[in-house]
Amino acid sequence: MYKTHKEWERPLYELEDGIAKLKEIAKKEKDPQKREQQMAKIAEYETRRNRYVEVMYSNLGAWEKVLVARAERRPYTLDYIQAVFHHFIELQGDRNGFVDHAIVGGPAMLDNRPVMVVGHQKGRTIQERQLRNFGYARPEGYRKAIRLFEMAERFRMPVITLIDTPGADAGVEAEARGISEAIAASIFKMFELTVPSISVIIGEGGSGGAIGIAASNRVLMLEHSIYSVIAPEGCASILWRQAERAPDAAKALKLTAQSALEFELIDEIIPEPTGGSDKDWPATFGHVKSAIVKHIGLLDKFSPEEVYEDRYARFRKMGIFEDLLND
Amino acid sequence: MYKTHKEWERPLYELEDGIAKLKEIAKKEKDPQKREQQMAKIAEYETRRNRYVEVMYSNLGAWEKVLVARAERRPYTLDYIQAVFHHFIELQGDRNGFVDHAIVGGPAMLDNRPVMVVGHQKGRTIQERQLRNFGYARPEGYRKAIRLFEMAERFRMPVITLIDTPGADAGVEAEARGISEAIAASIFKMFELTVPSISVIIGEGGSGGAIGIAASNRVLMLEHSIYSVIAPEGCASILWRQAERAPDAAKALKLTAQSALEFELIDEIIPEPTGGSDKDWPATFGHVKSAIVKHIGLLDKFSPEEVYEDRYARFRKMGIFEDLLND
Amino acid sequence: MSNKAETKSEGFLQCANCKKILFSVDFEQNLRVCPNCGHHHRLSATQRIDITFDPGSFVELDRDLRSVNPLEFPEYADKLAAAMERQEANDSMTSGTATLGGIAVTTAVADFHFMGGSMGSLNGEKITRTLERARESNCPAIVFCASGGARMQEGLLSLMQMAKTTAAAQRCSKAGVPFLAVFTDPTMAGVLASYASIADVILSEPRALVGFAGLRVSKQAGVGKVPDDFQTAEFAFNHGMIDRIVPRKEMRTTLITLIKSLGGGKPSGA
Amino acid sequence: MSNKAETKSEGFLQCANCKKILFSVDFEQNLRVCPNCGHHHRLSATQRIDITFDPGSFVELDRDLRSVNPLEFPEYADKLAAAMERQEANDSMTSGTATLGGIAVTTAVADFHFMGGSMGSLNGEKITRTLERARESNCPAIVFCASGGARMQEGLLSLMQMAKTTAAAQRCSKAGVPFLAVFTDPTMAGVLASYASIADVILSEPRALVGFAGLRVSKQAGVGKVPDDFQTAEFAFNHGMIDRIVPRKEMRTTLITLIKSLGGGKPSGA
Ligand SMILES: [Zn+2]
Ligand SMILES: [Zn+2]
């Protein structure tokens, strides 16, 4: 059986726990000589930790990318919203009878510019995970997103979406309320927009649940995020009836940011700090903010009609096939 | 206690039953002389019936209007759709998880003209009444209507709505799915339209449930239909804590077509055959069709922008109050 | 249950919700929110205006309009006269312009104490004018709702206010002018089923009564059991009908932030 | 359960649903609907075209396009080659133009027998072209769906077809060109969650499988119990997702009536 993201990071976390404990001890130590020895040891451990991180992240395979993208210490959508934007006011409700907490959104300021931010939200505590349905958005999440997209269009606010979901909710209730229709209608609405839209895949870009709010003029991916038509576990279990071959499926699916850029399905890779976005949140926020500001600046040069046409042109060219007559 | 619409019409129905029985007997009678006597008696009863109808309907009070408007033999929306239009295809679903059968709708042809028809539908059999929720539309009914209005706008089809509801569903489930929002959103959508819209109150125009699909360029009422801000029973029980004073409330509320026209809240009264629309369906259909065709013809002269502005102007002037400075 | 905080004796009153005896001064300083149980007691239009808009910025309009009794509805004229005298206002709705965080807005503020905040011709007219002014001046519209529903004494004229006000809101929407609604206790029936529910953003005070029909009617109509929080702002929020429940003391800043971001994306108007 | 009507011997076959042995001739004359139980057996694209459009009116387009293996996904090239040979088609989707009741339409017709009707680059391209042709020629687009979902062997390229096809449908909508979708057994996942669900009108054959995720996945994900008709067209209809369930023998006339009324209100195009 393959490693989970928790197992994969365990050696690192153990090292870090050790360092933290040593620091506690050193703090209390009164003998200067002993203290110096302890400090040296800490330095050694930290070097080892840094080296470990460097090696571990220097050449991540597809499956390791999956593990990193799912890491629970990575910043989530609301963390980005707090850091990259200000004056965010979360708006809620699908106006149809339901609420969803796996997609959050509302107006916010990007520097002095009002924007509409929408994103998938995972939870960290057990309670929050349940509230957020582990990031699996329900139909009402997409219908709320549609409402916010409409508001953005009405008030000429650029749309920023942050993508981080294992996929949409596939349960009986979600089906009964039309999860498919909700995703489709959200994509449809995004293509209607004449205000610029930018999507950033910050963690997991999980199939229909991800594209449901990622049909933007520009789609950017964090260096270690993933974007996939199907979860590798699901792919492996359908193709080979062996969910444990997920790492093979991850490789075959070419779900990394690097592959997505190669196939020209995304516009830019946003670099992560050494060891991933979870190792240095502020640096990550800085990179993400710069990328968003840059692309909004570029899209600002377009007329509303050009924004609309640009988005279609972007997706229209996606797909690889042969034309026997014209190739 | 006041009479219900069933009780009010019972003498008439008894007369008609008597006539029908006499006709049966006369049909089997072989003695020409006896037969002639029976025929004479039938003629006498029919004269009495016609006279009764004439008297009964010649000067209906407000409460009698309520009873007539609720009569179960009156044609309902689907009866009109079958007779006035052709090639109707009922479309269903709110695309949000629910269906409603108290509002029906879909494209149809009015002579050679495609139109979108939407209306409240009551049921006649016990099963159909339950299916149709006794004409109390649920949120999903208004959301389906919205979808059909959007389709009409997209394909430049005039909208015809037929109004016949005691009111919207006020139950716990309807509240949970936002019956208020659904009605408001449907009114909102009707004001967005740049295609002509015509509403015909064919029976009961019951408060919010009625106006939810009656925000049209032209609103017509059948001669004996009613249109009210609140059911007279509800009004009486709120004002006087006596539901049995409903006839007084009906009078105070001025809920007849004649009052509505007087206050300039509707555009035209469509005449009913003597004794009401239930006494002669084909004649009623003919009058309704003529009125719709006439008003579509008039609205056809407007540009889309004019259609939109005309509808606002129509409702904008509604309301009676004093202006101490300008009056 | 009466929702009113009743004066018990000079300087004291009793919270209708938790029954605690409160210092009037504390109660008023806390914006008429019970310091003990957090219950948001109803405000008059004047009180609402005072705690919401920039001091002294509110200018009342539509003061010379008067309701009439077009249907000659029994007892209506007397009720109206009494309400006008008692509330020193021409209607449950007070309309005008103001500034909020320095931003010009148009506004209408409901007062439940005036005939249950019911929407008749004049009420609908004031809301419509408020939304028309917003559209014409390209200023956000902010409407505080408090209403039992339509004013049945004006019959079909009242029902038509649902269409008229919603139409005015549609025109704001089309013009890209923000319309914010704030639900306060109670926001019901014909008001909830028209302009109030299709605002761009809907905020509500906690525990406000929010619903389509009277509770009795809903119970009769439905077969399902009635949830404990049925027809509260919290119920409406949990069913996707409200954007945020905002405590009274945070309402002003929330509104300011919202009108800044929603109004700031388009070329500035007035 | 296999959905296929299996040939038992010369001139006979067995209905997979009711197990009854049927005359092949009766079965074919009944448009492959079981005369005994009414089960709608799957059709090939060719069969569908034959029973739907005006005789001889269908013109296939996009025949010179071929799927490739851009990800070098294991075994994909072989599966593709086998499917192309067996089905004598370049993809599960067959696209072109036709007339229906004398009205010019553009169309794409899915065949589940070709790799489960999955949507890869070529499939998405054909749908997109069909919708673009509809928009350009102002002719209604009619798409018959039959798909297990996205073609995972083309990875993210397949996921992007959801966006591409939906975008093409949005442009039809904006131009006021009708787009009708017909769900046939099965219409699932990435196809259901994109262009199929936002057609102007959605019809479905009876008892077609219609759903977002495999039943196993849904059961795992949900806590509620699974209704008997879960993920059938009837379930989708009863949850507001489908306009009408139309028996196969009425489909042609229903489509003709619809395109006449939906296309007839605007100035005529091609
Ligand atoms: Zn209290
Ligand atoms: Zn069978």
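All values below come from the heavy atoms of this structure, side chains included, with hydrogens, waters and symmetry mates left out. Here is the naming used below: chain letters follow the sequence lines, and residue numbers restart at 1 for every chain.
- Options C:A189, C:G190, C:S194 differ in how many heavy-atom pairs under 4.5 Å they form with chain B, and the most are formed by C:S194.
- Using a 4.5 Å cut-off between heavy atoms, B:A214 does not touch chain C at all.
- Proximity to chain B (any heavy atom under 4.5 Å) is shown, for C:T165, by neither the backbone nor the side chain.
- Counted by atom type alone, B:E268 and B:H295 present one or more donor-acceptor pairs between their side chains at under 3.5 Å.
- Using cut-offs of 30° and 60° on the angle between ring planes, the pair B:W240 and C:F73 is parallel.
- By number of non-hydrogen pairs under 4.5 angstrom with chain C, the leading residue of B:Y312, B:F263, B:Y136, B:Y227 is B:Y312.
- Here B:S207 is the residue among B:G178, B:S207, B:G208, B:G205 with the most heavy-atom pairs under 4.5 Å with chain C.
- The most heavy-atom pairs under 4.5 Å with chain B, out of C:I202, C:L122, C:I198, C:V191, come from C:I198.
- Side-chain contact, C:Y195 with C:Q161: no donor N or O sits under 3.5 Å from an acceptor N or O.
- Interface summary for chain B: among C:L159, C:L192, C:L65, C:N238, the most heavy-atom pairs under 4.5 angstrom belong to C:L159.
- Of all heavy-atom pairs spanning C:D62 and C:N90, the tightest one is O-ND2, 3.0 Å.
- For a residue to count as touching a neighbouring chain, one of its non-hydrogen atoms must lie under 4.5 Å from one of that chain's; by this rule C:A236 does not touch chain B.
- Both the backbone and the side chain of C:P70 have a heavy atom closer than 4.5 Å to some heavy atom of chain B.
- Side chains of C:R133 and C:T97: no donor on one and acceptor on the other come within 3.5 Å.
- Note on C:K126 versus C:D91: no salt bridge recorded, every NZ/NE/NH1/NH2 to OD/OE distance being 4.0 Å or above.
- Inspection of the C:N123 and C:S92 side chains reveals an N or O donor paired with an N or O acceptor under 3.5 Å.
- No part of C:E72 comes within reach of chain B, as not one of its non-hydrogen atoms sits under 4.5 angstrom from that chain.
- For the pair C:R171 and B:F191, the NZ or CZ position fails the cation-pi test of under 6.0 Å to the six-membered ring centre and within 45 degrees of the ring normal.
- In this structure, the portion of C:M241 lying under 4.5 Å from any heavy atom of chain B is its side chain and not its backbone.
- Of all the listed residues (B:G167, B:A176, B:A185, B:A168), the one sharing the greatest number of non-hydrogen pairs under 4.5 Å with chain C is B:A176.
- The pair C:R42-C:D185 meets the salt-bridge criterion, since a charged nitrogen lies less than 4.0 angstrom from a carboxylate oxygen.
- With respect to chain B, the highest number of heavy-atom pairs below 4.5 Å among C:V210, C:N69, C:V68 belongs to C:V68.
- For B:R177, the part sitting under 4.5 Å from any heavy atom of chain C is the backbone (N, CA, C, O) and nothing else.
- In terms of non-hydrogen atom pairs under 4.5 Å with chain B, the most contact-rich of C:R66, C:M152, C:Q170 is C:Q170.
- For chain C, the nearby parts of B:I187 are the backbone and the side chain; heavy atoms of each come within less than 4.5 Å.
- Salt-bridge formation is not detected for the pair B:E192/B:R311: no Lys NZ or Arg NE/NH1/NH2 atom is positioned less than 4.0 Å from an Asp or Glu carboxylate oxygen.
- Taking B:D248, B:V229, B:L239, B:L253 one by one and counting their heavy-atom pairs under 4.5 Å with chain C, the maximum is reached by B:V229.
- B:E204 and B:T165 form no side-chain donor-acceptor contact under 3.5 Å, judged by distance and modelled atom types alone.
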